There are 2 protein chains.
Amino acid sequence: MSDRAAKGSPTLEDVAREAGVSRATVSRVINGIRNVDPSIQDVVRRAIAATGYVPNRAARSLVTRRAGSVALVVSGAGEDDGDGPEAPFRGQVLADPFFGRISSGVVGFLRQRGMHPLLMLADSTDARKQVVSYLRQGHADGALLVSIHARDPLPEMLVGAGLPCVLFARPPQPVPISYVDLAHRDGGRLAADHLVERGCQHIATISGPLDVLASQDRLAGFRDALARHGHPYVPCEEGNFTLESGERAMAALLAQHPEVDGLFVANDLMAQGALHVLREGGRKVPEDVAVVGFDDSSAAASARPPLTTVRQPIEEMAAEMTRLLLDRIDQPDRRLTSVIFEPTLVLRQST
Amino acid sequence: MSDRAAKGSPTLEDVAREAGVSRATVSRVINGIRNVDPSIQDVVRRAIAATGYVPNRAARSLVTRRAGSVALVVSGAGEDDGDGPEAPFRGQVLADPFFGRISSGVVGFLRQRGMHPLLMLADSTDARKQVVSYLRQGHADGALLVSIHARDPLPEMLVGAGLPCVLFARPPQPVPISYVDLAHRDGGRLAADHLVERGCQHIATISGPLDVLASQDRLAGFRDALARHGHPYVPCEEGNFTLESGERAMAALLAQHPEVDGLFVANDLMAQGALHVLREGGRKVPEDVAVVGFDDSSAAASARPPLTTVRQPIEEMAAEMTRLLLDRIDQPDRRLTSVIFEPTLVLRQST
DNA sequence: GAGCGCTGGGAGAGCGCTCTCTGAGTGTGT
DNA sequence: ACACACTCAGAGAGCGCTCTCCCAGCGCTC
């Protein structure tokens, strides 16, 4: 007790002495490997408890060459660079609940394995380099990558550095990386089927930015389904996923197509903006116009009326992404695998 | 090149050989210590570039006894325990934009020092134990603690384990820990002064849960200021920071005090709920009722009308919290310091 | 010119762990 | 009875780095 206090925390050696066995045996017990006599296991475990031993992570990973942790990297938001280092809060990416739900899923999954993610932001060329070099130092065994926009070079940089890596969402260019994604087309289809079923005759949509794959797919799925239902033409305004852009798009739609009675909006935040404009325009939702959102974010529940919306199982997707990464770290040679999740329709009062 | 590929990544030894100096010298150059001849520094740097050397984090922290990273721990949300481990997504804490803004501030500050936080959730007794043991293994040199509610035992557990630690928000019980906090009373005062100045005569408030220190302080500051302005009595309904509770509280307030023409709500989300109820009740905001929120969250900007609100500089607070922790890690013996931030009033259309 | 401090660099001892190798002890087959 | 396999535990060599010695060289004082 006293000498331990002087020497810092107890080591394997201390436990071994306490238990009257060798370091190797204690190590075996701790890592649960090979055949150790049960009675000796007991003695060792008692010694561990007595000394209050905790394995030293650095020493362990020095020899195993494993960090025992993974990084959660949020990338993008800085295609254009040359940004000053004096902008530490630039980009509210982390404050986006979408990202929060991903963290939730990742943390929830990792903790079951006694792990915790390293949170990193890669929003400029410099930051991306820093991330790669940091990971190469062995701070993490792999990376979970949430990329904000197209043409992000980070996935390739990580693969180039030999780091296991899984993406959230399919990469725009084909890169040999595992990923999880949502069947966005099916989400669009769900919305379309629902609006038709509700009896809407004049259906329009507000899409996300069309350089984003997910936006394209949601729109395509929506249009395809409507075409099958006999609506070959669907008015569409493009937004950029913000509330204001939703308001703008709705106003434009209303001006050009005042007869609209059914609306699909590519995310909940824009849908909330659309609701504002519809209300100001004197349209009742859902009586005059039925509105379907996308994501099932908190904005959907807090909108008035609450939004019917296409739900992405983000937490489950994030958990699966994490599982894929851990698998890959364990077996680097295994074939790449990707998992596509199906969206579901959440019915609320807006339709 | 070829032998390096065979042996994994290059080590100090490799760089030393390439540069024709000793390991120690290379180490000195990398860590920028002591006097190394500039010409030799140059040679070494070239050798580092040539070999593509990256220092091995594990080896380094084994000898320095420093992890070189800190943990961001979100605690609480599980006073009551005995929860099954099968609930990985329980608690949407991480999806809360409030927490997102904290992460943003922390990450933004740390990255300037080439560091990244470890994200941990401590929402049950088991999880808290796991967190402490994980940190004791040396995964991080200290913890940033965001505690969700009162009587969280984690701060004391961490201090007990000898881990440097800084809290976001003042601990309910006096614990010898540094913290950052907002002058919540001043926030309440700002709201009161503003409503009085706007000419409101019948002022009411919706408070947060009154077992939370911040809620108490906001209410007390609000009441004190109103009393000074000659409003000794202020109707108050207690909410729990959710949208629904804001709706409920507003309905109750409206029923008992239909004459209300000024309202202070202890957070933006509840204020948004209040706005819904006011609109349904046919009251115009701000003409009939002026509404002030708290936080300046995204809900404030997306509300209709946009909310006048008391702004917490969360990112700055988080950055300062991080600075305090790093200071403490560097100089463990230094006196505890805490920093209180002043709120500001953000004027929008709701008043 | 002997003694001194001061600077620049090398040698080498670990940090705490894992893991291979070795060897003692215990069955099992013929 | 002996060879052989098999189980279990210890010895010891590192993993890659830092950091404390230690020593060589140089310029200075007296």
Side-chain angles (χ1 to χ4, degrees), chain A residues 3-4 6-45 47-48 51-69 133-134 136-139 141, chain B residues 3-4 6-45 47-48 51-69 133-134 136-139 141:
Chain A
D3 55 357
R4 213 188 315 128
K7 295 229 354 146
S9 47
T11 73
L12 257 200
E13 192 70 52
D14 298 326
V15 179
R17 201 178 319 112
E18 172 89 17
V21 297
S22 75
R23 261 198 342 270
T25 302
V26 179
S27 175
R28 281 194 270 261
V29 171
I30 288 170
N31 296 301
I33 42 167
R34 278 253 297 263
N35 347 325
V36 177
D37 191 288
S39 69
I40 293 201
Q41 284 192 31
D42 233 53
V43 174
V44 169
R45 259 186 266 280
I48 289 174
T51 51
Y53 172 76
V54 186
N56 178 309
R57 191 278 305 251
R60 175 178 286 173
S61 43
L62 181 56
V63 36
T64 59
R65 310 179 148 280
R66 278 289 179 75
S69 60
S133 132
Y134 194 78
R136 283 227 299 147
Q137 294 182 21
H139 279 89
D141 300 321
Chain B
D3 56 359
R4 212 188 316 128
K7 296 231 350 149
S9 49
T11 72
L12 257 199
E13 192 71 51
D14 297 326
V15 178
R17 201 179 318 113
E18 172 89 15
V21 298
S22 74
R23 261 198 342 270
T25 302
V26 180
S27 174
R28 282 195 270 262
V29 170
I30 287 170
N31 297 300
I33 44 168
R34 276 250 302 254
N35 347 324
V36 178
D37 191 287
S39 69
I40 293 202
Q41 284 191 31
D42 233 53
V43 173
V44 169
R45 258 186 269 279
I48 290 174
T51 50
Y53 172 75
V54 186
N56 179 308
R57 191 276 305 251
R60 175 178 284 174
S61 42
L62 180 57
V63 36
T64 60
R65 313 184 142 280
R66 277 290 179 75
S69 60
S133 131
Y134 193 78
R136 283 226 301 148
Q137 295 182 20
H139 278 88
D141 300 321

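Every value quoted in this text rests on a predicted model; they were computed, and no experiment measured them. Here is how names work: the chains are called A, B, and so on, in the same order as the sequence lines, proteins then strands, and each is numbered from 1.
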Leu62(B) side-chain proximity, nearest of dA9(D), dG16(C), dG9(C): dG16(C)
Residues that Arg45(B) engages under side-chain hydrogen bond (donor to acceptor under 3.5 Å, both in side chains), provided they are two or more places apart: Gln41(B)
Close N or O pairs between protein and nucleotides 17-19 of chain D (under 3.5 Å):
{"unit_1": "dC17(D)", "atom_1": "OP1", "unit_2": "Tyr53(B)", "atom_2": "OH", "d": "2.4"}
{"unit_1": "dC17(D)", "atom_1": "OP1", "unit_2": "Asn56(B)", "atom_2": "N", "d": "3.1"}
{"unit_1": "dC17(D)", "atom_1": "OP2", "unit_2": "Leu12(B)", "atom_2": "N", "d": "2.4"}
{"unit_1": "dC17(D)", "atom_1": "O5'", "unit_2": "Tyr53(B)", "atom_2": "OH", "d": "3.4"}
{"unit_1": "dC17(D)", "atom_1": "N4", "unit_2": "Arg23(B)", "atom_2": "NH2", "d": "3.4"}
{"unit_1": "dT18(D)", "atom_1": "OP1", "unit_2": "Asn31(B)", "atom_2": "ND2", "d": "3.1"}
{"unit_1": "dT18(D)", "atom_1": "OP1", "unit_2": "Arg60(B)", "atom_2": "NE", "d": "2.8"}
{"unit_1": "dT18(D)", "atom_1": "OP1", "unit_2": "Arg60(B)", "atom_2": "NH2", "d": "3.2"}
{"unit_1": "dT18(D)", "atom_1": "OP2", "unit_2": "Ser27(B)", "atom_2": "OG", "d": "2.8"}
{"unit_1": "dT18(D)", "atom_1": "O4", "unit_2": "Arg23(B)", "atom_2": "NH2", "d": "3.1"}

With sequence neighbours excluded, residues passing side-chain hydrogen bond (donor to acceptor under 3.5 Å, both in side chains) with Ser69(B): none
Counterpart residues, ring-ring contact (aromatic ring centres under 6.0 Å, His included), relative to Tyr53(A) (two or more places apart): none
Pairing residues for Gln137(A) by the side chain to side chain contact (heavy atoms under 4.5 Å, CB included) criterion, not counting sequence neighbours: Ser133(A), His139(A), Val54(B), Arg57(B)
Nearest-Å distance for atom pair CD1/C1', residues Ile40(A) and dT7(D): 12 Å
Minimum-distance pair of heavy atoms, taken over all atoms of Leu12(A) and Ser27(A): CD1-CB, 4.0 Å
Phosphate-side-chain proximity, Thr25(B) and dG10(C), N/O vs OP1/OP2 below 4.0 Å: yes
Rounded interatomic separation in angstrom, taking CG from Asp14(A) and P from dG16(C): 9 Å
Residues that Thr11(A) engages under side-chain hydrogen bond (donor to acceptor under 3.5 Å, both in side chains), provided they are two or more places apart: none
Between P of dC15(D) and CD of Gln137(A), the distance in whole Å: 20 Å
Pair partner, dT22(C) [Watson-Crick or wobble, under 3.5 Å]: dA9(D)
